[in-house]
Every structure is written in C-alpha cells, then in structure tokens.
There are 2 protein chains.
Amino acid sequence: MKKIINTTETLIEDMLAGFLAAEKGQIIQSDNNPRVLYKKNKTPGKVGVVVGGGSGHEPLFFGLIGENFADSVAVGNIFTAPTPDTVLEAIKEADQGAGVICLFGNYAGDVLNFEVAAELAELEEIEVCNLPIIDDVASATYEKRTERRGIAGDLFVIKEVAAAASQGFSLERCHQLGQLANKRTLSIGVGIAPGTNPMNGKANFELAEDEIEFGLGIHGEPGLERMKLLPARELVEKMFVALEGELATYPEKEVIVCVNGLGSTTMMELYIINNEIQQLLSQKGLKTVDTVIGNICTTQEMAGFSITIQSLNQELAELYQVAADSPCFFKREVKQ
Amino acid sequence: MKKIINTTETLIEDMLAGFLAAEKGQIIQSDNNPRVLYKKNKTPGKVGVVVGGGSGHEPLFFGLIGENFADSVAVGNIFTAPTPDTVLEAIKEADQGAGVICLFGNYAGDVLNFEVAAELAELEEIEVCNLPIIDDVASATYEKRTERRGIAGDLFVIKEVAAAASQGFSLERCHQLGQLANKRTLSIGVGIAPGTNPMNGKANFELAEDEIEFGLGIHGEPGLERMKLLPARELVEKMFVALEGELATYPEKEVIVCVNGLGSTTMMELYIINNEIQQLLSQKGLKTVDTVIGNICTTQEMAGFSITIQSLNQELAELYQVAADSPCFFKREVKQ
C-alpha cells in the first residue's frame, strides 16, 4: 500500500491535527474527546447541527463545519460509525439551547450509534432529532427509500438543514425541512476502480480492466449491474434514467446538481460528466440553479463518481441560497 | 485506460463546456477561439491578468478565473502549451486598457508561445509583461532559479499578482510584485504513482510498488532521487530540508502554505502531511498565516503531492489577504 501516513494507529489523530492546523482556531477539538471537532463561534438559541460518520471519505464530514453549516462533527474510525460516546460529545458541543439535529449517512452502524447517543443526550435534557440521509437510488427502490444509503447528497441535505438552523427555525421545523430535502435529493454512483483501506491495504472491491460497477456504494457495496466501460455520454444517460422518473414526480423545474468524484477520478472527467448531465436536464426542461463539481464524498483513491440532483421547491431554494462558509464548501452571499 | 470521456478528439471541448455550464454565465468562452475563457465582469483601467498552460492539470488554470483573480485563460492541449494565437486572444479578452500580465509555468513551450503572443499583442498596441512561474526547487539550484519549473506555487503567485491588478497597480508594479512573489515561493513535490495521459492511455512514468520519486515534476519529469516509500514524518522532513535553506534567507517570519495533491492522493494524506509541515515550520519559528490543502495543480490521477511555502513580506501579505473568488480558490474578506 502506497499511502503517505505515519502509522495506522495514529492515522486519524494525525489527519485531524493537520486539518485543525489549517483552520487557525476557528474549528476546535473537544478537550473531552479528540474525535469531536466543533465550530468556535456559537449562536445561543440556534438549533445545533451535528454531522458524522466513518473516516476515509474526506473531506466529509469535518469539512462541512463552518458558518451557517455544521456546528460539530463526530469522527469514526476508517469506514466505521463514530461511537455513541463520540456522538454524545458532538451533540453537547453543538447544543446551543434549542435542541440538536444530527445528520449522517443511512448505514446500520451510524443509525444505531446516533440513536443511542440521542437517548443519552435526552437524559441530559438535550432534545435531539436524527436524520439519516438517504439519497442513493441504487440502494433501494422508491417504495423502500427509507432503506437507501447516504452518499454525496449528504452535502445538499446538510447544507439546507444547517441553513434552516441558522435562520432560527425550531428543531421540529429543521427536521421537517431535512426530511423534505432528503426526499428530493437523488444520487447514483459508478465505481471504476477500487480504493485501498489504509488500515489493512486491501482494495474495497475488484473489477476487471474494462469493467465498471453501476450503482456501487461508497464502501464498495455491490451495485445494480457490472458492465463494460461506456463513453461518458452513454454512461451519464444511463445514470440519468435511474433518476429521472422520481425527479419527474415533482412539479418544480429548478434543480441543483453535484458531480462528485470518489477519489481519483479527474476534474477533467467530472467536468465532462457535468456537460452531459446539464444537457440531459435541459432537454427535460429542468433548470440548474447551481452546480457543485469536486471531491466531496470520497472513498480514499477509489475511481468513480456520483451524480446528485435535488429538485428544489421554494423552501429548499431559499435555504440553499443562504451564504455558507466551511473548509470544503463555500456559498457566496447572493448579491441583490 | 479507464477514463470517463467521450472521445479524445472532443476531450477538451467537452471539459470546457462542462466547466462553463457550472459557472452560470460569469465565465464566458471567446467567440473567436474556444480555447479562451474569460471573466464576464470587466474593470476599465485595470491591468489584465492572463493565465494558461496545457490541459490535464485541472482545476488549473481555468479554475482561477474570477473576482480579483485571473481575467482570462489560454487553454492548451493535454500537457501542451496553448498556441500563440490562443494566448493572443486571451490577452485581448483580458485587456482593460492598462496592459496585460501573463502568468504561466516556466516550461519551454509555454515560454515560447507566450513570448510570440506578447509580440503579436504589442503590434496591436497592447502592452504585455510575461511572468513565468518558477517555484519548483527540485528542478534547478538557487543560482539557476530562473530555470525552475512552475508547479503548485502557481496558485500563490497568480493570486497575488491578480490582487495587485485589482488594487489598480500599474503593469510595471504588478510585474515587480510578481517577481517578488515568484522568488519567495518555494515548492517541492513527490511522485508516488503515475497518472495516465488521456490521449494515449500511457502512464507518465514508472515506479516500483515500494518506490517514490523525490522532486518529480508534474509531467513526470525526473526528480532528484528515486527512493523507498517513507513514513509521512520522514518524507516531509526530507522535503522541508530542500526548502528551508532558501526560506531562511528571508528575515520575515510569516509564511503561507499549500499542500497540493497531484490527483489521487487522498485528502486524509494531505491533512497528515500538513500536520507534519506545520510542526516543522513552528519549530523553525515560522508562523503560518494561511494554509491551502487540496488538489489545485494535478496531473490526472497521478499519486503524489507537493508542498509550497511562500515567505511573506508586508507587500505580499497585504496582496494575499485581498478577497478573491474563483471556482477553485476562495479567499474570504477579512473581517476587521
């Protein structure tokens, strides 16, 4: 394994130290638990926003701490949910007196540990709502959508819930809006070459030289189909087919798009993919209000990408436009 | 070759179309030359800032077009300098009546084509200054530093020259400040695994499974030494040794740092590397004013990274602090 690390034992602590060093004191490590980072500036009376999940997907999740964004993060081991203790500490750091909403990908370990942490927090009189993110359409049908996994759509759902919190909305309202964002955020991914688990040097899946995995999960979970590599246009068309049916159920015509790289897929390819998806959206009469292109939700040096489309309604459009400022995502103030 | 493209013939046009689609009309493609992109908003009387180089290093260079940043870009073929015609058109689009400064990596093809373009522009009565960027300390000694290649230090030099232009400084002053930034910007890179040229599927260099190339150039140019993979701490220490002598010649104690990924090196690794470099800087009594961590100057899916350190003086510190806003680099307005 050719990774530039010190030891597997210190991997996550070294990584967090390097991240914190770049943030010049605006993001702080909890004295009580080194796996909890939080935003220095507090806003009394605001709903707290906790995010978290396993490590290895950087810049998710800690890269989303910031102004009008997440208040704290619970950091797990590589590809492993944060412990209930860690989540509880993240909840305490995010708590600003109006309850706390926790957002995380919908994986069994995360769901369990965030649930336990929420119960522990309630014992300490902090009201907590959990919102597992469920954007990966390849992982379950529309009927079973609460079983879907969370992938790069995390970005949009977290951004909007954090915007709701920053506007002073109640915990209940933040949760409602989060459910709305969750339902309208649809992603599909493709795996092209595996990434390597830095703890053991093992590839997270195997593929032949001319094969790709359609609908692959970010931990190498099997997709819908193993198939031959296609040109960008055909591949993106096939991906769009997996999204458009559900997308068409919403009457609104404005969308936001994220073309997310899983690690080693080049920006060149992501731009080419964006060109294809924008043409398809346009053909369907959908207008893209904003596009994010980059490596947000990765799996080490895995090659592949996902396309996320969120169908905006008025509420989501307003929340998405709220300025935000975090190490890995910046949203400009809209000039009137 | 497993890249998600349509055809090699349309590669660059597809990429530029996908980039432009995400920029919602703020960055525009020249009607006269599709390889020239420019910022929509003009500022009459400001020095124009042109950047450019070969494709394949995305998000460089077009990702640096924006407010208080580059005005236009000349886009070359994969790993190939833009043609003089393309550079000339980029100069014309950047010209706002006060002359134009062109910044590009110091490679023979780029130097030649930008020189020819400058001469052609002078014939059309546009005054042009060229500033080849020379930050890679592995590529030539201090005495021969004008022969050094440009790598990720491009970011800081371009950012500061563009800030000077946005402050209304003259072409001559922008050029002087650019030379200052150039001299004080020092980088060193390490190659860990090759990237693939998307035009022919060929790897840009070869390395054994346990080897790295110390001082490798971004096109796979040979480095200073081929060596065994080292733990992060030892490797970064060795890299710092290559920078610190020259760094110590400046009396000022403030620096800015860029930890740049070359393509498939994970953010996890880049944060770990930053942790090491920050400790070394601190031990030398140097204070890091700002840190950029990410994939700015890449070579497709090449694994590896570079460390750039710029020694700030008062002038550079002020230029660096000027707010800037481009697709791949954002600098916040400093709150007083």
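Chain A is the first sequence line, chain B the second, and so forth, proteins listed ahead of strands; every chain is numbered from 1.
A distance of 7.0 Å separates OG1 in B:T291 from NZ in A:K24, rounded to the nearest 0.5 Å. Distance check, rounded to the nearest 0.5 Å: OG1 of A:T7 to CZ of B:R233 gives 9.0 Å. Here the CE atom belonging to B:M268 is positioned 10.0 Å from the CG atom belonging to A:D14, to the nearest 0.5 angstrom. For the atom pair CD (B:E269) and CD1 (A:I5), the distance works out to 8.0 Å, reported to the nearest 0.5 Å. Separating the CG atom in B:N295 from the CE atom in A:M267 is a distance of 8.5 Å, to the nearest 0.5 Å. In this structure, A:E211 CD and B:K2 NZ are separated by 7.0 Å, a value rounded to the nearest 0.5 Å.
The contact between B:I78 and chain A is made entirely by side chain atoms (from C-beta outward), counting heavy-atom distances below 4.5 Å. With a threshold of 4.5 angstrom between heavy atoms, A:Q278 approaches chain B through side-chain atoms but not through N, CA, C or O. At a 4.5 Å heavy-atom cutoff, the contact between B:I273 and chain A is made by side-chain atoms alone. Residue contact with chain B, scored on non-hydrogen atoms closer than 4.5 Å, involves the side chain of A:L235 exclusively. Residue A:L11 touches chain B through both its backbone and its side chain, counting heavy-atom pairs closer than 4.5 Å. Heavy-atom distances place the side chain of B:T266, and not its backbone, under 4.5 Å from chain A. Residue contact with chain B, scored on non-hydrogen atoms closer than 4.5 Å, involves the backbone of A:V289 exclusively. For a residue to count as touching a neighbouring chain, one of its non-hydrogen atoms must lie under 4.5 Å from one of that chain's; by this rule A:E276 touches chain B with the side chain only. Only the side chain of B:F330 has a heavy atom closer than 4.5 Å to any heavy atom of chain A. Heavy atoms of B:E23 lying under 4.5 Å from chain A are absent altogether.
Closest heavy-atom contact between A:N274 and B:G18: ND2-O, 2.7 Å. Nearest approach of B:A22 to A:I293, heavy atoms of both residues: CB-CD1, 3.7 Å.
Residues satisfying the side-chain contact (heavy atoms from CB on, under 4.5 Å) test with A:T196, not counting sequence neighbours, are A:M1, A:K3, A:E301.
Across B:D290, B:T288, B:T265, the residue that shares the most heavy-atom pairs under 4.5 angstrom with chain A is B:D290. When each of B:M302, B:Q279, B:E209 is scored by its heavy-atom pairs under 4.5 Å with chain A, the top score falls to B:E209. Between chain A and the options B:I272, B:I12, B:V257, the largest number of non-hydrogen pairs under 4.5 Å is found for B:I272.
Counting heavy atoms from C-beta on, the side chains of B:R332 and A:D325 come closer than 4.5 Å.
Residues A:F62 and B:Y271 bring their aromatic ring centres within 6.0 Å.
There is no side-chain donor-acceptor pair under 3.5 Å between B:E234 and A:N6.
For the pairing with A:I4, the side-chain contact (heavy atoms from CB on, under 4.5 Å) check across B:L229, B:V190, B:L270 returns one residue only, B:L229.
In terms of modelled atom types and a separation under 3.5 Å, the side chain of B:N275 and the main chain of A:L16 share no donor-acceptor contact.
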